[in-house]
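For ligands, and for the atoms within them, numbers begin at 1 and follow the listed sequence.
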Amino acid sequence: MKIYNTMSKSKEDFIPLEEGKVKMYVCGPTVYNYIHIGNARPMIVFDTVRRYFEYKGYDVNFVSNFTDVDDKIIKKANEEGVTADEISKRYIAECKKDMEGMNIEPATKNPLATEEIGGMIDMISTLIEKGYAYEKNGTVYYRTRKFADYGKLSHKNLDDLQSGGRALLVTGEDEKEDPLDFVLWKPKKEGEPAWQSPWGEGRPGWHIECSEMSKKYLGEQIDIHAGGEDLIFPHHENEIAQSEAANGKPFAKYWMHNGFLNIDNRKMSKSLGNFFTVREISEKYDLQVLRFFMLSAHYRSPLNFSAELMEAAGNGLDRIVTAAGNLKFLMENAGAEKMTEAEEELFAQTDRFKENFEKAMDDDFNTADAIAAIFDFVKFINTNTDGNSSKEYLEKLHDRLVTLADVLGIIVDREEEMLDEEIEALIEERQAARKNRDFARADQIRADLLAKGIVLEDTREGVKWRRA
Ligand code: AMP
Ligand code: ZN
């Protein structure tokens with residue numbers, strides 16, 4: 001399996017630190033609003049990376065944080081007249097709903113920055129002891145030039161940074177020893193959340209959060225560290241400087257970065273105001289379509305969002321879902337149980353679709369080609385099954401299709417994933433049928449729902465439903 005490593009700017013063989021295991025950290029969102037579909041791109045991409053490792057039999061420890069202390073959160077809290085904690089809790093809950101809609105597997109752990117301050121303070125103290133950091137008036141800075149490898153990820157040269165950095169100096173930062181130094185701890189300002197530390201009350205800088213949370217939940221050395229390409233510099237460069245100086249070991253083996261989701265060829269971002277939230281998109285499209293759209297391009301390429309491409313993704317997804325639905329229908333009505341010799345021969349021919357799928361995914365997670373392999377498989381299914389096919393043959397094709405689609409996080413069995421709104425609409429229709437004394441229709445709806453694992457209970461307060 002090959003992974004493009006931003007550090008070496010080349011595709012490298014994946015060799016895990018520990019056999020059979022993958023330790024993976026993905027920088028998560030800052031939670032001060034609903035996430036937009038640009039933020040959804042790394043979520044979908046790295047969830048797919050994780051799923052492929054799992055498909056290959058690896059045990060994946062997947063850690064992704066929520067940054068729940070930040071200027072933007074504090075600003076939003078002040079605007080609403082509530083605490084920063086209330087804002088971050090609210091948008092973490094909303095983000096998790098969106099992630100469920102996009103069929104993102106829950107992380108092994110979602111650490112919150114505010115719950116890990118003690119560890120960050122310890123790491124900053126270590127950096128001070130080792131001479132990599134210093135305190136000035138309640139602020140702790142990282143001594144960038146002391147870390148000889150600084151710039152190795154972003155391939156930047158310290159002297160170029162120096163000349164660019166001077167212009168960027170903001171007031172209050174002139175107490176730094178060097179314009180390249182960055183903040184590890186900042187002192188409390190009035191009305192801001194703050195924690196006790198050896199340097200007075202304050203809060204951590206953004207970069208130290210990930211260094212500490214990655215270390216705490218995955219250890220000092222990890223296999224993969226990932227995020228959007230805007231995080232390469234300074235965020236990931238600074239994480240490397242902090243972690244490697246504090247721990248005395250190489251930090252992550254592979255650095256993976258997704259390209260931007262653009263709109264009219266400009267990066268979608270909150271600050272430009274050119275964004276759609278995942279929630280808005282979910283009102284227009286099934287989020288499975290959004291997921292399929294994201295995976296239709298290579299994760300490192302820029303991807304332009306458009307209604308046409310979403311429609312194309314919707315049509316492509318439909319072809320797969322319809323093929324799976326047809327297989328299910330044929331399975332339910334199949335006459336013969338066992339595969340014939342001819343069917344065994346046919347099924348063996350489908351190995352090539354699985355092989356092509358894996359070949360694409362092994363080549364730095366080329367999901368576009370992996371989807372093409374699934375389309376070829378769907379074409380094969382459509383032309384090589386009919387009412388005379390045996391149940392075993394149909395089941396084997398169906399299982400293979402479900403397994404490959406599941407690596408991409410695509411759910412092909414629609415009925416099993418009925419949405420709450422769909423269930424509620426059917427319940428309403430059933431109530432209306434009963435009112436019209438169309439009991440046959442009402443009973444039919446109850447039976448259909450039951451077949452999909454939804455149990456209805458007529459209670460005094462109305463109809464209640466639950467999943468069986
Ligand atoms: P933020 O909340 O801005 O820190 O972003 C959370 C994650 O989303 C990071 O990995 C960013 O790199 C990523 N991200 C933000 N905007 C985009 C975009 N337009 N396209 C792709 N990734 C993005
Ligand atoms: Zn991070």
- prompt: Is the Zn ion (ligand 2) under 2.8 Å from any N, O or S atom of His235?
  reply: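 Under 2.8 Å: His235 contacts the Zn ion (ligand 2) through an N, O or S atom.
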query: Hey, is there an N, O or S on His207 sitting under 2.8 Å from the Zn ion (ligand 2)?
result: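 Under 2.8 Å: His207 has no N, O or S contact with the Zn ion (ligand 2).
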side-chain contact (heavy atoms from CB on, under 4.5 Å) against Ser154, all qualifying residues, sequence neighbours excluded: Lys156, Ile232, Phe233, Glu237
- prompt: Relative to the ring of Phe292, is the ring of Phe375 parallel (under 30°), tilted (30 to 60°) or perpendicular (over 60°)?
  reply: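 Plane angle over 60°, so perpendicular.
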message: Could you check, using the six-membered ring where one of them is a Trp, whether Phe377 and Phe357 have ring centers closer than 6.0 angstrom?
response: no
I'd like a table of donor-acceptor pairs (distance under 3.5 Å, sequence neighbours excluded) in which one partner is a side-chain atom from residues 43-51, with atom names and distances.
unit_1, atom_1, unit_2, atom_2, d
Asp47, OD1, Glu105, N, 3.0
Asp47, OD2, Arg51, NE, 2.9
Asp47, OD2, Arg291, NH1, 2.9
Asp47, OD2, Arg291, NH2, 2.8
Thr48, OG1, Ile44, O, 2.7
Thr48, OG1, Arg291, NH2, 3.1
Arg50, NE, Glu54, OE2, 3.2
Arg50, NH1, Glu105, O, 3.4
Arg50, NH1, Pro106, O, 2.9
Arg50, NH2, Pro106, O, 3.3
Arg51, NH1, Asp406, O, 3.0
Arg51, NH1, Asp406, OD1, 3.3
Arg51, NH2, Asn103, O, 2.8

field: Residue among Thr144, Thr126, Leu127 satisfying side-chain contact (heavy atoms from CB on, under 4.5 Å) with Tyr132
entry: Leu127
message: Suppose we screen for salt bridge (Lys or Arg N to Asp or Glu O under 4.0 Å). Which residues come up paired with Arg300, at least two apart in sequence or across chains?
response: Asp364
- request: State, to the nearest 10 degrees, the angle whose vertex is the Zn ion (ligand 2) and whose arms point to SG of Cys27 and SG of Cys210.
  value: 130°
Between ligand 1 and the protein, which N/O pairs are shorter than 3.5 Å?
unit_1, atom_1, unit_2, atom_2, d
ligand 1, 2 (O), Thr30, N, 3.1
ligand 1, 5 (O), Asn39, ND2, 3.3
ligand 1, 8 (O), Asn39, ND2, 3.3
ligand 1, 10 (O), Gly228, N, 3.0
ligand 1, 12 (O), Gly228, N, 3.2
ligand 1, 12 (O), Asp230, OD1, 2.4
ligand 1, 19 (N), Leu261, O, 3.0
ligand 1, 19 (N), Met268, O, 2.8
ligand 1, 20 (N), Leu261, N, 2.7
ligand 1, 22 (N), Gly38, O, 3.1
ligand 1, 22 (N), Asn258, ND2, 3.4

query: Within 45° of the ring axis of Tyr32 and under 6.0 Å from its six-membered ring centre, is that where the NZ or CZ of Lys270 lies?
result: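 Judged by the rule (NZ or CZ under 6.0 Å from the ring centre, within 45° of its axis), Lys270 counts as positioned above Tyr32.
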